[in-house]
Protein chains: 2
Amino acid sequence: MSLRMALLTLIAGAPRSGYDIGQEFDGVLKFVWHAKPTQVYPELKRLAGEDLIREQDTGSRGRKPYEITEKGVAELRAWLTGTSADHSQRNETALRSFALWTVSPAEAGDFLREELEYHRARLRGMRALKNGLDLSQAQDRAALLGVELGIRRLEAMVSWAEWAIENVAAWPEGSQ
Amino acid sequence: MSLRMALLTLIAGAPRSGYDIGQEFDGVLKFVWHAKPTQVYPELKRLAGEDLIREQDTGSRGRKPYEITEKGVAELRAWLTGTSADHSQRNETALRSFALWTVSPAEAGDFLREELEYHRARLRGMRALKNGLDLSQAQDRAALLGVELGIRRLEAMVSWAEWAIENVAAWPEGSQ
DNA sequence: CCACGCATGTAATCAGTTACATGATTGC
DNA sequence: GCAATCATGTAACTGATTACATGCGTGG
């Protein structure tokens with residue numbers, strides 16, 4: 001249900017093609033929303049069929065950028081003001097942490113160091129994104145909220161991973 | 001694929017029934033993993049069929065607690081050491097933030113205050129969970145990692161929501 | 001004795017992923 | 001000319017949710 005809203009949100013911010021969205025879902029937006037191109041393309045067609053978005057002139061290489069319609073913006077507003085957010089999440093880092101007692105402290109440390117590196121890299125990317133925002137634009141002022149949320153969560157993940165590495169190092173040997 | 005691992009992780013920590021797991025998925029574990037009971041029950045049967053978990057004596061009211069097998073623990077270890085974690089996530093709070101420019105600053109504020117209250121409440125619950133851990137147990141030392149991750153992320157969400165409320169209050173009127 | 005929460009399950013549907021297919025443009 | 005990347009799509013399958021169904025045990 002919310003893939004629709006993710007697509008509307010992105011296209012409302014600026015016109016985009018399915019390919020653009022696929023790239024973002026696979027990159028900077030990985031912590032917000034993600035979907036495979038094979039799910040994105042048919043959903044865009046459905047949204048266009050309901051007049052929530054509209055195809056702009058087809059570009060080169062068969063590129064099809066969409067823009068939001070008035071009806072699409074109304075749908076976004078109804079979603080934001082009329083429904084409440086679903087907070088359920090699936091976090092594999094947290095899940096794996098609960099199972100770490102089954103492996104050696106050394107192996108647990110390997111996992112945590114990998115997590116630390118991953119989140120540090122993501123944090124760098126997210127900070128770069130923040131610097132690229134133009135806060136005279138309403139869209140970018142809203143995007144700042146989303147990006148700042150990402151930054152604070154990534155900072156939390158980095159500090160957690162640093163703490164966890166120290167913590168696991170103090171576990172008794174052969175405790176698994 | 002990872003529902004299996006979530007079930008194995010929980011059952012490895014302590015024997016549990018499908019009902020127990022359903023309750024946890026709907027409560028404290030909402031930020032780690034979640035699934036509806038209708039998905040949990042058949043998956044537990046499949047895991048039992050593969051000897052990764054084993055049914056203990058059936059309890060009252062048809063209750064069926066499962067415990068982990070040696071093969072199940074081996075499967076967990078193989079997962080932790082042989083595969084890397086999937087970091088993709090769907091975060092509706094972040095998604096909605098990107099769309100907030102389409103509604104009035106007052107409505108945006110309503111949304112953010114609701115988020116703040118939700119995350120404060122979850123943070124209280126998570127801290128209580130942390131206090132209940134018995135750190136002489138290897139399972140609980142690992143659980144501490146997961147719980148601490150949850151706490152730090154919730155703290156990040158609370159501080160973000162507080163900041164975002166201030167930020168939105170400074171948006172120009174009628175900017176949507 | 002009956003309402004409520006415990007406890008497990010099936011069937012139908014919807015969301016999401018994987019495997020496969022195709023063609024256009026750009027840079028070397 | 002050809003490899004890499006851009007760009008869109010379909011079909012089959014797996015994961016997840018919704019709607020429905022059933023019975024047990026405890027407390028009032």
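Every chain is numbered from 1, with letters handed out A, B, ... down the list of sequences. Bear in mind the structure is a predicted one, so any value in this text is a computation, not a measurement.
Each of R63(B) and G62(A) was matched to the nucleotide of DNA chain C holding its nearest heavy atom; the match closer to the 5' end belongs to R63(B).
In this structure, CD of E92(A) is placed 14 Å from P of dG15(D), rounded to the nearest angstrom. One atom, CZ of R4(B), and another, C1' of dA16(D), lie 16 Å apart when rounded to the nearest Å. A straight line from CG of D86(B) to C1' of dT14(D) spans 15 Å, rounded to a whole angstrom. The distance from atom NZ of K36(B) to atom P of dT13(C) is 18 Å, rounded to the nearest whole Å. Here dC6(C) presents its C1' atom at 15 Å from CD of E24(B), a figure rounded to the nearest Å. At whole-Å resolution of the value, CD in Q39(B) and C1' in dT8(C) are 16 Å apart. Computed from coordinates, the F25(A) CZ to dT8(D) C1' distance equals 16 Å when rounded to whole Å. Rounding to whole angstrom units, CZ of residue R16(A) and P of dT8(D) are separated by 14 Å.
Between dT17(C), dG25(D), dT17(D), one nucleotide has an atom nearer to the side chain of H34(B) than all others, and that is dT17(D).
In this structure, the side chains of R153(A) and M126(A) stay at 4.5 Å or more apart for every pair of heavy atoms. Taking 4.5 Å as the limit, some side-chain heavy atom of T93(B) sits within range of a side-chain heavy atom of F111(B).
A close approach under 4.0 Å does occur between a side-chain nitrogen or oxygen of Y19(A) and OP1 or OP2 of dC6(D). Close to dG9(D), at under 4.0 Å from its OP1 or OP2, lies a side-chain N or O of K64(A). Between Y41(B) and dG9(C), a side-chain N or O to OP1/OP2 separation shorter than 4.0 Å is absent. Checking the phosphate oxygens (OP1, OP2) of dG9(D), a side-chain nitrogen or oxygen of K45(A) falls inside 4.0 Å. Side-chain nitrogen and oxygen atoms of R61(B) include none within less than 4.0 Å of the OP1 or OP2 phosphate oxygen of dG25(D).
Among the atoms of the strands shown, only primed sugar atoms or phosphate atoms (P, OP1, OP2) are found under 4.0 Å from some heavy atom of R90(A).
Under a 4.0 Å N-O distance rule, the pair R152(B)/E155(B) does not qualify as a salt bridge.
A donor and an acceptor atom sit less than 3.5 Å apart, one in the side chain of T38(B) and one in the base of dT18(D).
Between H87(A) and H119(B), the angle of the ring planes goes over 60°, which puts this pair in the perpendicular group of the 30/60° scheme.
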Contacts table for residues 27-37 of chain B: side-chain donor-acceptor under 3.5 angstrom, sequence neighbours left out:
none

